[in-house]
Amino acid sequence: MSSFSDDDAFEAAAAPRVPLSQRAMGGFAQPYLEGLNPAQREAVEALNGPVLMLAGAGTGKTKALTARIAHLLATRSAQPNEILAVTFTNKAAREMKTRVGALTGHIEGMPWLGTFHAICVKLLRRHAELVGLKTNFTILDTDDQLRLLKQQVAAAEIDDKRWPARMLSGIIDGWKNKAWVPSQVPVAESSAFDGKGIELYAAYQQRLKDLNACDFGDLLLHMVTIFQTHDGVLKEYQERFKYILVDEYQDTNVAQYMWLRLLAQGHKNICCVGDDDQSIYGWRGAEVGNILRFEKDFPGATVVRLEQNYRSTGHILGAAAGVIAANKGRLGKTLFTDGDDGEQVRLIGHWDGETEARWIGEEIEAMQRGTRGIDPMALNDMAILVRASHQMRAFEDRFLTIGLPYRVIGGPRFYERMEIRDAMAYFRLAVSQDDDLAFERIVNTPKRGLGDKAVQTIQTTARTNGVNLVEGARLCVEGGLIKGKGGAALRELVQGLDRWFAQLRAEADTHVEVAEMILDESGYTTFWQNDKTPEAPGRLENLKELVKALENFENLQGFLEHVSLIMDNAQDEQDDKVTIMTLHAAKGLEFPAVFLPGWEDGLFPSQRSMDESGLKGLEEERRLAYVGITRAEQHCCISFAANRLVYGQWQSQMASRFIDELPEDHVEVLTASGLYGGGMSAAANPASVGMGSHLHDKAASADVYNSPGWRRLQSRSQQRPVAQPQESRNMVIDMTASSSHTVGDRVFHQKFGYGEVMEIEGDKLVIEFDKAGEKKVVAKFVVGSAQADDVPF
DNA sequence: CTGTGGCTAACCACT
DNA sequence: TTAGCCACAG
């Protein structure tokens, strides 16, 4: 519960509650040291000066980190409120809190353990006036931010076709990540956004100030500014934080780095934990350089390497090591395990994305039943990790058809859903009528007959009178500026807002009741009840869930604060389900079995990241591959497809270059799935069995044959017995390989059954299928531009 | 003021 | 393929 009013850490009692058992031992009992290996122990006990803990995947860094905190407390080196411990995600913060609690007995004692953003909010609330904000400033989400920037772009009369607000938002975020306020943006950047970027940035910051708001990047930026310009404030915190601990240091951006440096200049007791091989947030401004430079930045630092892996089998570690070895300029770690080599990493190519999804589905079922030669596994122990969220769809489709339970992590988050945002905007307005952005969002939601024109009028009125939009709306109603149906509805809305505002303060009802009242009286609930789209019931459910979530907070403000910083959504763990998530979301997690689909050049490594960042981009993609493999404990299966549907277009894919980087000894190559020559075409053209047979043009065909991934798969599969067609449903004739067909060929197609080739027109095949009855169905297969329905499977 | 159809651009990851 | 935007009609 992180409402900011209740736990002001400065006033929090500092007395540590040492468990009786330890007190009886005179503080010498150090159970938290048990089970630590020598390296971990060194990192825990090095209490003087900077420490860099290079912790490879699965080497127990959280254990070391929490033990270090316990050690600080037990040795009385610091009080709980003198330790600053920062993480990136709320989940990591929560876990650390729990584990420290379990280790030391004080659960509530760590007021400064949290995410960068949560800690900065806490600090900024105290010093808001130093950057021209009031202490009750609001934190804008991406949506609000974009809306604001859109207005700015429009006001500057810039063509938002060529210069979209989206792009501006990205540029400004980038600058904020580098800790540049508008006046600090270097000249080299002045051409950004049609030469107006810096100007717009300044205007945007001013607008935020007027709104008494800040965006995500500001939380850090403002604190860095305050520390740089107010020595007294900086001193206060330098003295307060005797020990600083930083998790995932490789993901820090420049602003976070500066923030940490400024604070660490006091006692210099900063302990950073990270893994340069797992830096995967470059696109968000993370600087791997921060960790690579650590020893220069903090002279005399103790560097500890955690290399003993407790998570994965030898083969999995070996495969991961082989991939990451291709990166240059690493700090270098060699993970080892005391455990078995286990099963080799498995590699398999598929005909297309659908085949891949089907194969993985079957594999998962086999593993669950225990019919794959291994003990039965729970679905909860299996995960599919994809590069991009759109890859999830194929699996969802497939799993829905076969009734395999799954959960998707990532996707549109609960608090980012439209209905939740709308409801939150109402709550925000009930808390503060100054929240113009919230007002803009809901004036006409549900529809009140207030369009652009009405909103314009309200805005002008508000501006000329120097008041907020709610006040402006009130003036419009009273002055008769907005008439008719819209005027009446607006009057009702304003009255409603006043009423809810008063009710929240009256405390006659709980905030939960008021929230329900708001959703009811505003007509928002009715709005969705009347909606007949299939999503409506789900949205109503979400609203109910939102209200339920309120119960955990003391007041609406506390809840709003919490939500603005929460970016992860709690997931139900009760049911047995396969997890589908992105590689990014998987960092920090582990699963006994991991599937890594879609290892195709352009998709993974992603073309865009290579276009944008060249070799740096490729190396980050490789680290992503490393992260993916090292999530696996026992089983890891990598796959790719020769064809994929992109923008409704079929594209032939090349196996990812990362596949070639897998060391052979640790990999077992399975035979390509989904492409078994069903008679004719296979006999006529042996090349049509396996990858690449779909190719119609020689150039593209050569591409695939010459692609390293393909070659390897070919040669390896030759060492293995030739695959037998497993079941008839896997049998398919390569419809698009028209060169291998002649008129009169009998063919079999998974969906349409048996048929006969009637004619061949260039790249088109006309096939007459003998479906049941006398009716003949004619289908055309157009190479390269086939529609989804026309393609085999 | 709202709803619709056609056009265009986008498809990467997230605190 | 799909989402988002704009122009236009009702």
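Chain letters run A, B, ... following the sequence lines, proteins first, then strands; residues in each count from 1. The figures here come from the full heavy-atom set of this structure, side chains too, leaving out hydrogens, waters and symmetry mates.
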* Asked: dT1(C) C1' sits how many Å from L645(A) CG, rounded?
  -> 8 Å
* Asked: W283(A) on top of dA13(B)'s base, within under 5.5 Å and under 30°?
  -> yes
* For the base of dC12(B), is there a side-chain donor-acceptor partner from R387(A) under 3.5 Å away? -> yes
* Asked: At under 4.0 Å between heavy atoms, what does K485(A) touch on the DNA or RNA strands: base, sugar-phosphate, or nothing?
  -> nothing
* Structure fact -> Exactly one of D251(A), D275(A), D277(A) clears salt bridge (Lys or Arg N to Asp or Glu O under 4.0 Å) with K587(A), and that residue is D251(A)
* Whole angstrom value for the distance that separates P of dA13(B) from CZ of R166(A) -> 10 Å
* To do: Report the C-alpha separation of F227(A) and H127(A) in whole Å, then their side-chain angles, then the decisive distance to 0.1 Å, and conclude whether the ring-ring contact (aromatic ring centres under 6.0 Å, His included) test is met.
  => CA-CA 10 Å; F227(A) 285 158; H127(A) 304 287; 7.9 Å; no
* Asked: Please give, in whole Å, the distance from dA13(B) P to D173(A) CG?
  -> 16 Å
* To do: Verify the contact: side-chain N or O of N177(A) to OP1 or OP2 of dT15(B), cut-off strictly under 4.0 Å; return yes or no.
  => no
* D141(A) CG to dC14(B) P, straight-line distance once rounded to whole Å -> 17 Å
* Asked: Under 4.0 Å between a side-chain N or O of S389(A) and OP1 or OP2 of dA13(B)?
  -> yes
* Asked: Reckon Q256(A) touches a base, only the sugar-phosphate, or nothing at all at heavy-atom distances under 4.0 Å?
  -> nothing
* Go through the side-chain N and O atoms of D352(A) and Q653(A) and say whether any donor and acceptor fall under 3.5 Å apart. => no
* **Donor-acceptor under 3.5 Å (E620(A) side chain, G282(A) main chain)** => yes
* Asked: For V455(A) and T87(A), take the nucleotide of DNA chain B holding the closest heavy atom to each; which residue's nucleotide lies nearer the 5' end?
  -> V455(A)
* **Closest nucleotide among dC5(C), dC12(B), dT2(B) to the K447(A) side chain** => dT2(B)
* Asked: Does dC12(B) have OP1 or OP2 sitting under 4.0 Å from an N or O in the side chain of T582(A)?
  -> no
* Asked: Can you check the L385(A) CG to dC12(B) P distance for me, whole Å?
  -> 19 Å
* Would you give the length of the straight line joining atom CG of D247(A) to atom OG1 of T87(A), rounded to the nearest 0.5 angstrom? => 6.5 Å
* Counting heavy atoms from C-beta on, name the nucleotide in dT15(B), dC14(B), dC5(C) closest to the side chain of F216(A). => dT15(B)
* H390(A) side chain: which of dC1(B), dC11(B), dC14(B) is closest? -> dC11(B)
* Given the P atoms of dG4(C) and dA13(B), what is the spacing between them in whole Å? -> 14 Å
* **Side chain of E612(A) (C-beta onward), nearest among dC12(B), dC14(B), dT2(C)** => dC12(B)
* Phosphate OP1/OP2 of dT15(B) contacted by K176(A) side-chain N/O (<4.0 Å) -> no
* Partner nucleotide of dC14(B) by Watson-Crick or wobble geometry (both distances under 3.5 Å) -> none
* **Value in whole Å for how far the P atom of dT15(B) lies from CG of D218(A)** => 18 Å
* Can you tell me how far P of dT1(C) sits from CE of M392(A), to the nearest Å? -> 22 Å
* Centroid-to-centroid, F395(A) to Y406(A), below 6.0 Å? -> no
* To do: Classify the nucleic acid contact of N444(A) as base, sugar-phosphate or nothing, counting any heavy atom under 4.0 Å across all strands shown.
  => sugar-phosphate
* Structure fact -> To the nearest angstrom, the CD1-P distance between I280(A) and dT15(B) comes to 11 Å
* Considering just the side-chain nitrogens and oxygens of R608(A), establish if one lies under 4.0 Å of OP1 or OP2 belonging to dC12(B). => yes
